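Down below is the structure, laid out as C-alpha cells.
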Amino acid sequence: MVPPAAWVRVVLDVPLPGPFDYRHVAPVEPGTRVIVPFGRRKLIGVVVDNPAEPGYEPSQIKDVEQVLDDLPPLSERWMRLARFAADYYQRPLGEVMLPALPGPLRKVSAYQGKRASGGPVARQARRKRTARDDAAADQPPTLNEAQQAAVDAIVGAPAFHAFLLHGVTGSGKTEVYLRAAEQVLARGRQVLMLVPEINLTPQFEAALRARLERVAGADGLAVLHSGLSEGERLQAWTRAVDGRARIVLGTRLAVFAPLEDLGLIVVDEEHDTSYKQQDGLRYSARDLAVWRGRDAAAAVVLGSATPALETWYHATRGHYTRLGLPTRARAASLPAVRLVDTRRLPMENGMSPQLLDGIADRLARGEQSLVFLNRRGYSPALHCASCGWVSQCTRCTAFTVLHRGSHGMHRLQCHHCGYQARVPRACPDCGDQDLKPMGRGTQRVEEYLAEKFPAARISRIDADSTRRKGSAQALFAQVHAGEVDILVGTQMVAKGHDFANLTLVGVLNADSMLFSQDFRAPERLFAQLMQVSGRAGRHGGQGEVLIQTGYPEQSVYQSLLRHDYEGFARHALAERESVGLPPYAFQALLSAEARELAQAIDFLQRARDEAENVLAEAGLPGGVTLYDPVPLRVVRVANVERAQLLLESASRPALLAFLRRWVGVLPALAADGRARWLLEVDPLEI
Ligand code: ADP
Ligand code: ZN
Ligand code: ZN
C-alpha cells in the first residue's frame, strides 16, 4: 500500500526564486531542516509550510530524503526575523535563512556518508568540553549619576523601547550595558550584545564573565563571530537554541542568534559601518537589532559617542530616547584637540615637529603615544620621478601598494584583488633605476619612528600585522600591559579600546577623506577622528590629540576641536535635508558587473527602463527617483568592470513597494549572462 503523502514546502540557498515543494510520508513542522534532492545535488533546506496543494505537477515532485531532528525546529520567532530580512532586503528567503546557520547545520556531508557519524550536533556532544580559565570577579565601580539614570531608564522600559546611549569617549558606556544586562538576566530574560569588531570581543567577553557569570551561569555566555571555527560556532548556536546561553556576544552575524526570550539588545558603537554586511544579504545588523527588539518586546540600546546621523535623527524626532553621558567616567576631562597646520611646517616623513616633540615628551614620562594612519603597507604606490610612471595593478584600476615583506623584501600588492608582484629594478617605461615610494603607510611610519626613537618599543597594529589567529589579541595585550611605548595603527586601534596609559594621539593624513564624492564621508571622518581622539587620556592626566591637516578651517575639524558632536550633526543634517539625502530620503542601489563596462551599463539602463514601466503601472510615478547608471570610482577590480544605478524615494513604503515588483523582472534582464547584479537596500557607500 502507498503511504499517505504530505506536501512539504522548503527554502534552499540557491540563486533561484523558491520555495520548492517535496513529498513526505507526513507533514513536517515548519522550521525543521531537511535533506532534499535538487537537480543532481542534495541540499539542506528549511521547511516553511505544508501546503494542501503543491505548487507544481505532483509527478515532478521528489521525496524529502531525510528529516533532521538533531536540533529542535527553528522557532516561529526566528523565522519571522528571517522573513522580515528577506522581504526588506529583497532576497529569497532561503538565501537569508541558510547562510545565517552555522556551517555544519547546512552541509549534507555532515549528515550523510562515511564521516557523518550521527551529524555535527551529536559529534559535538561527544567531544569533551574545554574549560576556559575563569576571569577574576572584579569590584564593580559605583555608577555616576548619568550612568545610573541611563540604567534605570533601560531596565524600566515596560516593553520594546529603543534608546540612544550617547556617551562621550571614556564615559563608561560598557558599565551601563553590564548593569542593565545584569538586571535583565536576573529577571530570567536573555541578552544579545553586538560589538563592531572581532578584536573587541575578548575585552567584552572577559568583562561579561567576570561580572555576569553569577546571574547567567557558568555556561551562560556564548560568543558568535566569523573568526570562530565552524565547531565553535555550532557550539554557541546550540547553547543558544536550548536556552543554556543567557547572553550572546558577537559581531553583526550574531543578530541572527536563536534567542527566544530576549529582554535586552545592545549595539555598541552603533555608528560603525562594520554592522553592514558587505556581501550576500547586505543587511544592517543595527537595523535588524531594532526590529528584533520590537518583535521581542525587548529594550534596545544603541551606544556611541558619534551616533550615525540616521540614529541621531530618530532620537531628535523622539523615536528613540536619548540617554546622555556627558563626562568621562575616570578622567576629569576630554583630551585637548589641536590642529597642526602642515602647510607651514618642516615635515619629517609626514610628521610635524609638534608630533615628534609630543612623542618624545611621552617617552620621557613613560606614557604611551598612538600614531594613527588609515593606510596599511609601506607606501600607497611606487613611482618614477623621471617619467611619472606609477605602479598599477594589471587587473584593477588601482595603484599597487608597496609592502615590506618578512625579510625586509619589498613587494607590490593590490588591495582590491590581492594581486602580488615583485618590485621592478628599473622603471618599466623609461628604464630609470631611481624608483621612489610615493606617500606613506603604517610600515613606513613605523620604520621612521624606530630610527628616530631607537630606545622606544614600537608596535604596529593593522590588517597585515594581525593576520594570524590570535595575533591581534596578543598585540593589544602588550599595549595594555605597558610593553609598548608607541603604537602605530589603522582604524583597528581607533575603536573601543580602553588604554590606561595612552596620553597622546597623532593623526596623519586625515585630509585624504575630506574631499570624497560620498556624501557620508564627512560623517565618517568626524566619527573616526572623534573615536581615535577618544583613546587619549582615558584614565586621567591630560590627553592630547594632534591632527595634522592642510585644511584646518574645514568645519569637520572645527567641530572636532570643540568635541561638538551635536553641532556637527545639526550642520550635517541641515545639509542633508536641503538636498534630500538620507535620513530624509531612502535609497536602494543596483550594482552590476561584467567583463566590459558597457555591458554593465547596458544592463542597468534596461533595468532603469523597466523601473519606469513598473512605476507607471504601480501608479507611483515620481514616487521613486531614478538616477542614471554610472561607473564605480574604481571601475575595474580583478578584470571585472562595475557600474551602479541609484534609486531614491522620500517614502520608505513606496520604495519597498516598488522594489518588490521590480526585483522580479531583473533575472530576465540578466538572462544573457553578460552582467551579474546585486540589489542593496539602504546602501552605506554610494
Ligand atoms: P566608553 O565605552 O564609554 O568609551 P568605557 O566603558 O571603556 O568607556 O569606560 C572607560 C573607563 O571608565 C573604563 O576603564 C571603565 O572601567 C571606567 N569606568 C566606567 N564607569 C565608571 C565609574 N562609574 N567609576 C569609575 N570608573 C568607571
Ligand atoms: Zn620612468
Ligand atoms: Zn588588483
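Just so it is clear, the model here is predicted, and its values are computed rather than measured. Start at 1 and go down the list; that is how both ligands and their atoms are numbered.
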among protein heavy atoms, the one nearest atom 20 (N) of ligand 1 is Gln147 NE2, 2.9 Å
Per side-chain hydrogen bond (donor to acceptor under 3.5 Å, both in side chains), Lys495 is matched among Gln528, Gln531, Glu197, Glu269 by Glu197
Problem set entry | Metal check, the Zn ion (ligand 3) vs His416 N/O/S, cut-off below 2.8 Å | no
The side chain to side chain contact (heavy atoms under 4.5 Å, CB included) partner of Leu302 among Val290, Leu194, Leu165 is Val290
(Q) Walk me through whether Asp279 and Arg282 qualify under salt bridge (charged side-chain N to carboxylate O under 4.0 Å, His left out). (A) CA-CA 6 Å; Asp279 48 43; Arg282 301 199 162 199; over 6 Å; no
The option among Ala329, Gly170, Ala146 carrying the non-hydrogen atom nearest to atom 1 (P) of ligand 1 is Gly170
SG (Cys414) to the Zn ion (ligand 3) to SG (Cys393), nearest 10°, is 110°
With heavy atoms and a 4.0 Å threshold, my read on which part of Pro141 contacts ligand 1 is side chain
Result for side-chain hydrogen bond (donor to acceptor under 3.5 Å, both in side chains) between Asp498 and one of Arg330, Gln203, His539 points to His539
Heavy-atom closest pair (Ala536 atom, Leu504 atom, distance to 0.1 Å) is CB-N, 4.5 Å
Practice task
Taking atom CD of Gln473 as the centre, report whether more than 12 heavy atoms of other residues, nucleotides or ligands fall under 6.0 Å from it.
Solution key: no
Output for pair (Gln433 CD, Cys384 SG), nearest 0.5 Å, gives 11.0 Å
- Task: Please work out whether the ring planes of His410 and Tyr378 are parallel, tilted or perpendicular, with thresholds of 30° and 60°.
- Result: perpendicular
Looking only at protein heavy atoms, what sits closest to atom 13 (C) of ligand 1 is Asp498 OD2, 2.9 Å
In this structure, atom 8 (O) of ligand 1 is nearest to the protein heavy atom Gly172 N, 3.2 Å
Cys384 SG to Cys387 SG via the Zn ion (ligand 2), rounded to 10°, gives 110°
- Would His563 and Tyr565 satisfy ring pair (Phe, Tyr, Trp, His ring centres under 6.0 Å), going step by step from the backbone distance to the final call? CA-CA 6 Å; His563 301 281; Tyr565 170 82; over 10 Å; no
**Prompt:** Quick check: are there more than 12 heavy atoms from other residues, nucleotides or ligands sitting under 6.0 Å from CZ of Arg365?
**Reply:** yes
Counting from 1 in the order shown, the ligand 1 atoms closer than 4.0 Å to a non-hydrogen atom of Asn144 are 23 (N)
message: Would Thr142 count as being in polar contact with ligand 1, using the rule that some N or O on each side must be under 3.5 angstrom apart?
response: yes
The atoms of ligand 1 lying under 4.0 Å from a heavy atom of His539, numbered in the order shown, are 14 (O)
Among Arg330, Arg538, His497, the residue with a heavy atom nearest to atom 15 (C) of ligand 1 is Arg330
Restricting to heavy atoms, the pick from Leu178, Leu143, Thr174 nearest atom 2 (O) of ligand 1 would be Thr174
* Asked: Would one find an N or O of Thr169, backbone or side chain, under 3.5 Å from an N or O of ligand 1?
  -> no
The angle formed at the Zn ion (ligand 2) by SG of Cys427 and SG of Cys430 is about (to 10 degrees) 110°
